[in-house]
Amino acid sequence: MNRSAVALNAAETEDSALSLAFDDNRVMAILMGEHDAHLAQIEHRLGVAITPRGNRISIKGEKQQAEHARAVLLHLYAKAARGAEINRGEIDGAVRMVKLAEQAGHHGASEGGVRTRRKTVSARTPNQQEYIESIRKNELVFGVGPAGTGKTYLAVACAAEALMNGEVDRIILSRPAVEAGERLGFLPGDMKEKVDPYLRPLYDALYDMMPQSLVQKGLAENQIEIAPLAFMRGRTLASAFIILDEAQNTTPQQMKMFLTRLGEGSRMVVTGDPTQIDLPSGVGSGLDEALSILAGVKGIGITRFVAADIVRHPLVGRIVQAYDKKQSPNRRGRS
């Protein structure tokens, strides 16, 4: 953290009070939010009392929770000082990062982020941070876990950053269109219109990272390609950032075909949720097989997300946990 941006004056008293002093009132106003809404959210999440006075913030509460609030405020202040937006999601992510980092023996929240044309995307859990670091370090990365953990979103952010920095020449995003199958020809429209509904989440993530004009230009000039998995056969993908989403719905043959498309100067990220396989009964998942075969292979990273990494509405995490508890005895029956 840039210590010149924050003048920290923390002193613990007998009543477990901490005091923080910040040197930029404009950034401090962003940190607090309109009508101190951000402070209220931190109070609610951590069970502390936060009182702003001038350029100082006082935190009162149980010692550990007060320390968590202190770390969250410092983390968010540093983000605001860099021009990042502070919203409910960022606050929840900072609280989650601080709590989980302490459990892992670390202190504070990571300051790292993925810079794209439109925003800086930050990890909101330690597993997300590990995932980002793994993508930057390895040529092939698997991101596996439940919905809402940021597997695809962070991969697209890393792809947009790599393209912006000139590390790759193009982005290729792909998904299996399992539901279409042999019925694809009966859907209305040309081929693009037939498959676009299956690829919409990839479009949405991309538009969140890059201005619409750049995305449309990239699509027109083939610098950005979004295509169903079947279109990958027979190709060698060089100098590209390649993402395969919903990989649990690939067959073993499709997965092997896709992985062997990796060409010179390329990176590949494969994401999926093994608990949401839509393949016909009795057909094995290529994702499951690949994770088993490739574990421990040099140059391949595997990040396994859990319900605690879900960054959507808190209820989503509880829903996933409830389903996991119910389905765990026979979850492997379809793999």
Side-chain angles (χ1 to χ4, degrees), residues 1 5-6 18 20 22 24-52 57-62 64-103 108-116 118-129 131-132 145-157 201 204-205 207-209 305-321:
M1 179 178 297
V6 179
L18 295 175
L20 298 176
F22 300 99
D24 190 326
N25 289 335
R26 179 188 61 83
V27 177
M28 187 176 174
I30 297 171
L31 170 66
M32 294 190 298
E34 188 175 358
H35 305 303
D36 297 343
H38 296 162
L39 301 185
Q41 185 179 349
I42 297 170
E43 287 179 324
H44 176 71
R45 289 295 306 275
L46 292 173
V48 296
I50 302 176
T51 305
I57 290 180
S58 173
I59 308 167
K60 291 185 179 181
E62 189 272 326
Q64 183 183 51
Q65 298 299 86
E67 288 288 352
H68 285 170
R70 167 188 173 277
V72 168
L73 287 167
L74 290 174
H75 173 71
L76 294 174
Y77 181 89
K79 287 178 68 68
R82 295 195 299 269
E85 180 185 3
I86 305 300
N87 53 36
R88 293 187 63 85
E90 290 294 338
I91 295 168
D92 284 344
V95 171
R96 187 184 300 107
M97 284 286 282
V98 165
K99 287 183 175 180
L100 294 178
E102 183 185 62
Q103 293 173 12
S110 170
E111 298 294 337
V114 182
R115 295 183 62 85
T116 71
R118 294 193 63 179
K119 59 167 56 175
T120 296
V121 180
S122 301
R124 294 183 179 179
T125 73
N127 275 340
Q128 287 192 350
Q129 186 63 40
Y131 184 52
I132 293 171
T149 51
K151 306 182 298 296
T152 303
Y153 192 79
L154 291 174
V156 173
D204 291 343
Y207 280 116
D208 214 24
M209 305 301 167
F305 295 95
V306 296
D309 295 304
I310 292 174
V311 293
R312 293 179 184 168
H313 192 286
L315 184 57
V316 176
R318 298 196 292 272
I319 290 171
V320 169
Q321 289 175 329

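Note that the structure is a prediction, hence the values are computed from the model and not measured.
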Peer 1: What are the two closest non-hydrogen atoms of Ser122 and Lys79, and how far apart are they?
Peer 2: OG-NZ, 2.5 Å

Peer 1: Checking Asp208 now: which residues fulfil side-chain hydrogen bond (donor to acceptor under 3.5 Å, both in side chains) with it, not counting sequence neighbours?
Peer 2: Lys119, Tyr153

Peer 1: For Ile59 and Leu20, what are the C-alpha separation, side-chain angles and deciding distance, and is it a side-chain contact (heavy atoms from CB on, under 4.5 Å)?
Peer 2: CA-CA 8 Å; Ile59 308 167; Leu20 298 176; 4.2 Å; yes

Peer 1: Run the side-chain hydrogen bond (donor to acceptor under 3.5 Å, both in side chains) test against Glu43 and tell me which residues pass, sequence neighbours left out.
Peer 2: none

Peer 1: Kindly say whether Asp309 contributes a backbone atom to a donor-acceptor pair with the side chain of Thr125 at under 3.5 angstrom?
Peer 2: no

Peer 1: Would you sort out whether Glu67 and Leu18 count as a side-chain contact (heavy atoms from CB on, under 4.5 Å), showing the intermediate values?
Peer 2: CA-CA 8 Å; Glu67 288 288 352; Leu18 295 175; 4.1 Å; yes

Peer 1: Identify the heavy atoms of Gly61 and Ala66 that sit nearest to each other, and give their distance.
Peer 2: O-CB, 4.3 Å

Peer 1: Which pair of heavy atoms, one from Ala123 and one from Gln129, lies closest together, and at what distance?
Peer 2: CB-OE1, 3.2 Å

Peer 1: Apply side-chain contact (heavy atoms from CB on, under 4.5 Å) to Val114 and Thr120, showing your working.
Peer 2: CA-CA 5 Å; Val114 182; Thr120 296; over 6 Å; no

Peer 1: Considering non-hydrogen atoms only, spot the tightest contact between Asn87 and His38 and give its length.
Peer 2: CA-NE2, 4.5 Å

Peer 1: If you measure from CG on Leu46 to CD on Glu62, what distance do you get to the nearest 0.5 Å?
Peer 2: 10.5 Å

Peer 1: Please tell me if the side chains of Lys60 and Val48 come closer than 4.5 Å, counting only heavy atoms from C-beta onward.
Peer 2: no

Peer 1: Quick check for you: to the nearest 0.5 Å, what is the distance between Tyr207 atom OH and Arg118 atom CZ?
Peer 2: 11.0 Å

Peer 1: With a 4.5 Å heavy-atom cut-off, do Leu76 and Ile91 have their side chains touching?
Peer 2: yes

Peer 1: Under a 4.5 Å cut-off applied to non-hydrogen side-chain atoms, are Asn127 and Thr149 in contact?
Peer 2: no

Peer 1: Is it the case that the side chain of Arg115 and the backbone of Val121 share a donor-acceptor pair, with hydrogens and angles ignored and the cut-off at 3.5 Å?
Peer 2: no

Peer 1: Indicate yes or no: at least one non-hydrogen side-chain atom of Leu39 is less than 4.5 angstrom from one of Pro52.
Peer 2: yes

Peer 1: Flag the pair His75 / Val98 as yes when at least one side-chain heavy-atom distance between them is below 4.5 Å, and no otherwise.
Peer 2: no

Peer 1: State plainly whether the residues Glu90 and Arg124 are in salt-bridge range, i.e. N to O under 4.0 Å.
Peer 2: yes

Peer 1: Does Pro126 offer a backbone N or O that forms a donor-acceptor pair with the side chain of Tyr131 under 3.5 Å?
Peer 2: no

Peer 1: With sequence neighbours left out, write down each residue that passes side-chain contact (heavy atoms from CB on, under 4.5 Å) with Arg88, or none if nothing qualifies.
Peer 2: Gln41

Peer 1: Under 3.5 Å, which donor-acceptor pairs link side chains of residues 27-36 to any protein atom two or more places apart or in another chain?
Peer 2:
none

